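Note that the structure is predicted; figures quoted are calculated from it, not measured. All residue numbers in this chain count up from 1 along the given sequence.
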Amino acid sequence: MTVRYLGISDLAEIAGITVGTAKQYGKEGRLPAPDVLVGLGDRAVRGWTREIIEEWMRNRPGRGHRAAR
């Protein structure tokens, strides 16, 4: 059985955010931990299962939330 992982653009589409926002969330540590990394080092591509993305969506702050800085 082949496991399907979703990339950053898939995560953004499901979450209703832009890819740029998803990448910024990743830099800020606001995305769920990936289920898989493909490649080595800083260029590794992250992948998530749909279940992990949906769980993150259920538990993330509402739209427009800004973390205290």
Side-chain angles (χ1 to χ4, degrees):
M1 180 176 95
T2 301
V3 177
R4 299 270 180 192
Y5 293 101
L6 304 174
I8 194 81
S9 60
D10 302 308
L11 181 146
E13 183 176 336
I14 292 166
I17 59 177
T18 67
V19 173
T21 297
K23 288 179 180 181
Q24 185 63 39
Y25 283 4
K27 290 178 185 176
E28 296 170 356
R30 295 171 55 189
L31 292 180
D35 294 296
V36 66
L37 292 172
V38 178
L40 299 173
D42 293 341
R43 297 199 51 132
V45 175
R46 296 169 289 178
W48 297 267
T49 61
R50 180 173 282 279
E51 292 79 18
I52 291 297
I53 295 171
E54 289 173 353
E55 180 181 334
W56 172 72
M57 295 276 303
R58 285 190 298 273
N59 295 308
R60 72 178 240 212
R63 284 189 161 174
H65 173 75
R66 296 284 188 256
R69 291 183 185 230

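- Residue Leu11 holds its CG atom at 5.5 Å from CG of Leu31, rounded to the nearest 0.5 Å.
- Not counting sequence neighbours, Glu13 has no partner by the salt bridge (Lys or Arg N to Asp or Glu O under 4.0 Å) test.
- Contact of the Tyr5 side chain with the Asp10 side chain is not registered, since no non-hydrogen atoms from C-beta on lie closer than 4.5 Å.
- Judged as a side chain to side chain contact (heavy atoms under 4.5 Å, CB included), and not counting sequence neighbours, Arg4 has no contacts.
- Ser9 is linked by a side-chain hydrogen bond (donor to acceptor under 3.5 Å, both in side chains) to nothing, counting only residues two or more places apart in sequence or in another chain.
- For Ala12, the side chain to side chain contact (heavy atoms under 4.5 Å, CB included) criterion is met by Ile17, Val19, Ala22, not counting sequence neighbours.
- Put simply, the residue from Lys23, Glu28, Lys27 that forms a side-chain contact (heavy atoms from CB on, under 4.5 Å) with Tyr25 is Glu28.
- Of all heavy-atom pairs between Ala15 and Arg60, the closest is CB-NH1, 3.5 Å.
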Please table the atom pairs, donor to acceptor, closer than 3.5 Å between any side-chain atom in residues 38-51 and protein atoms at least two apart or in another chain.
residue	atom	partner	partner atom	Å
Trp48	NE1	Pro32	O	2.9
Thr49	OG1	Asp35	OD2	3.3
Thr49	OG1	Ile52	N	3.3

